[in-house]
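Proteins get letters first, then strands, A, B, ... in listed order; numbering begins at 1 in each. When reading the values below, keep in mind they use all heavy atoms of this one structure, side chains included, and skip hydrogens, waters and symmetry mates.
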Amino acid sequence: MNHETARELLLDRSYGELPPERARELEAHLASCSGCRADAERIEATRAAMRRLGPEPEPGGEGILLAAAREAAGKGRPRRFSWLGLSLAAGAAATVAVAIVSMWPPREAERAEEEWAARLPPPAAGAFRAAPPAPAPAAPEAKAAPAVLAARPAAKALAAAPPPPAGEAAKAEAPGEPKEAGTATVERAAAPAGLAGAEQSGEALVRELRARREAGELNEARRHPDPCPGGDTERLAWLDGWGKAHRFARTGPAPGGGTATRDHYYDDAGRARVVIVDGDGPSGHYRRRILFDARGRRIGEDPPGLPPWPASDLALRDGAAAFWAPQRCGE
Amino acid sequence: MPTDATDEQLMLRFQGGEAGAFELLLRRHRGPAFSFLVRLTGDRPRAEDLLQETWLRVVAAAPRWEPRARFRTWLYTVARNLAADEARRRALRRADPLDAPGPGGASPAEALADGAPGPDLAADGALLRPRLEAALAALPEEQREVFLLREYAGVPFAEIAEITGVPAPTVKSRMRYALEGLRRTLEGLGVGPGARAAGGTGT
């Protein structure tokens, strides 16, 4: 065994990943190579030092996840969370004063949403539906997962969640759930392409949601979270009969200084498609519009040429969860 | 419920409608995943958001999950990609080369290096932790994620290759650089293996 090979194997050795035979060869080499031994000792010493960093204390929020899991397990349809119900179940937001401006019978809301969904630009669900049935699971180390991983760099931006490991490309691209009958059959190709198309879709979405709100189909809820440095000063959501948010706006300190309102409009799959940021910063008042496609990828920002508004400052999924989330203080 | 079930068995049971199986997965992996995210991003509130989002995606995608790749690989792929996506945007927004600014906004390693106490002080637990964190934060992200996954999350190199989407030899070479970088930074901060030997106080 030469030095190069030995050096490469030192890591496997340190982490116990070396097959026994290889390990014996390496030990034999180490016995006769002081340089390699020194390398090995450096590795062990550095690891020993770093291991003194214990685990991070876990944050709260487990209750929401367990409630989500229970709901998913119970319904067999995990995408249809009732966020309102979840939050209440978790006890997180139950005590917060909420002004429900108007209520709407769920049945009517459901009908309205179906009609509305049928008119909306189709979400990515078409791709999911179109995906062929998954091939029968074979050997545990099948090639599917690496293939998907290799394909990912093309699909960047917000499509950050990888597919379930066995997913195929088409399937992989569809974190969105299959739609209710009526939308699932719509071809994705029907959606207007490019930025102009996205602008159209975005404007249509905002118009549609405003119309629904005016018609009383969506309930407006507001929160004034307890004031704290770095926290939101106001939140607003348009909730449907299931507690799902179709619009979520929050006002609070902006990343670049000053204060801004981030106003999110969500599509039927619960993805933010249009975000309007309206704020006052060190250089005065500004207003930005950010567009996302049905897969959650950022496709345009208006005015152009500015650095993208940080996604971490936005609630790109699950506006209701963001609306009910506990206040976060401090920066 | 037996707790020696594999992650994959638990995931299948969760698919079958057993919410308790998910709870076991959560107990097993939530803490390590959070440590990973905190140290990867250097930002606790952001890590909390990412952690929540990661697990919500696990719940949401569970019906389509198939036990071909390990659950852990999948979980860390989700977590890592969510974090990487945010880091990319952040890096674009601020032209700041360090994507893990410390509490003061400056490089944590630099901040701590100022007037770094000797090994005796550094050996004290309360002072040691920020130094180790600073050493991690000083690593380039692609090295840091490999080190975090292997050292703290216990993910083998082959799985790290899947998670990060680079070949296994690249993973190992990043790991080598990471260990080398950590060693140097720790020495600079007075907590390196060499410094500890020089200090000789042990705990």
Could you tell me which of [options] has the largest number of non-hydrogen atom pairs under 4.5 Å with chain A?
{"options": "B/R176, B/R150, B/E48", "result": "B/R150"}
{"options": "B/Q52, B/R30, B/E53", "result": "B/R30"}
{"options": "B/T54, B/D43, B/V38", "result": "B/V38"}
{"options": "B/L26, B/V166, B/L136, B/V58", "result": "B/L26"}

Roughly how far, to the nearest 0.5 Å, is the [atom2] atom of [Y] from the [atom1] atom of [X]?
{"X": "A/L53", "Y": "B/R129", "atom1": "CG", "atom2": "CZ", "answer": "5.0 Å"}
{"X": "B/R27", "Y": "A/E58", "atom1": "CZ", "atom2": "CD", "answer": "10.5 Å"}
{"X": "A/M50", "Y": "B/T185", "atom1": "CE", "atom2": "OG1", "answer": "9.0 Å"}
{"X": "B/E180", "Y": "A/D39", "atom1": "CD", "atom2": "CG", "answer": "8.5 Å"}
{"X": "B/R183", "Y": "A/R42", "atom1": "CZ", "atom2": "CZ", "answer": "5.0 Å"}
{"X": "A/S14", "Y": "B/M175", "atom1": "OG", "atom2": "CE", "answer": "7.5 Å"}

Quick check on [X] against chain A: is it the side chain, the backbone, both or neither that has a heavy atom closer than 4.5 Å?
{"X": "B/R44", "result": "side chain"}
{"X": "B/F147", "result": "side chain"}
{"X": "B/L50", "result": "neither"}
{"X": "B/Q15", "result": "neither"}

Could you pull out the closest heavy-atom pair between [X] and [Y], with the gap in Å?
{"X": "A/D12", "Y": "B/F157", "answer": "OD2-CD1, 4.1 Å"}
{"X": "A/L66", "Y": "B/F22", "answer": "CD2-CD2, 4.3 Å"}
{"X": "B/G17", "Y": "A/A73", "answer": "O-CB, 3.4 Å"}
{"X": "B/L179", "Y": "A/T46", "answer": "O-CG2, 3.6 Å"}
{"X": "A/A68", "Y": "B/V59", "answer": "O-CG1, 3.9 Å"}
{"X": "A/R317", "Y": "B/R57", "answer": "CG-NH2, 4.3 Å"}

State, with a plain yes or no, whether a side-chain heavy atom of [X] is found less than 4.5 Å away from one of [Y].
{"X": "B/E133", "Y": "A/E56", "value": "yes"}
{"X": "B/E23", "Y": "A/E62", "value": "no"}
{"X": "A/P59", "Y": "B/L51", "value": "yes"}

- prompt: Does a salt bridge link B/E151 with A/R47, judged by any charged N lying under 4.0 Å from a carboxylate O?
  reply: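 Salt bridge between B/E151 and A/R47, a charged N being under 4.0 Å from a carboxylate O: yes.
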
query: Between A/R70 and B/E18, does at least one N-O distance fall below 4.0 Å, as a salt bridge requires?
result: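 Salt bridge between A/R70 and B/E18, a charged N being under 4.0 Å from a carboxylate O: no.
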
- prompt: Which atoms of A/E41 come close to chain B, meaning under 4.5 Å heavy atom to heavy atom: side chain ones, backbone ones, both, or neither?
  reply: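 For A/E41, no heavy atom lies under 4.5 Å from chain B.
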
- prompt: Can you check whether B/Y152's main-chain N or O pairs, donor with acceptor, with A/R51's side chain at less than 3.5 Å?
  reply: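 The answer is no, because no donor-acceptor pair under 3.5 Å joins these two groups.
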
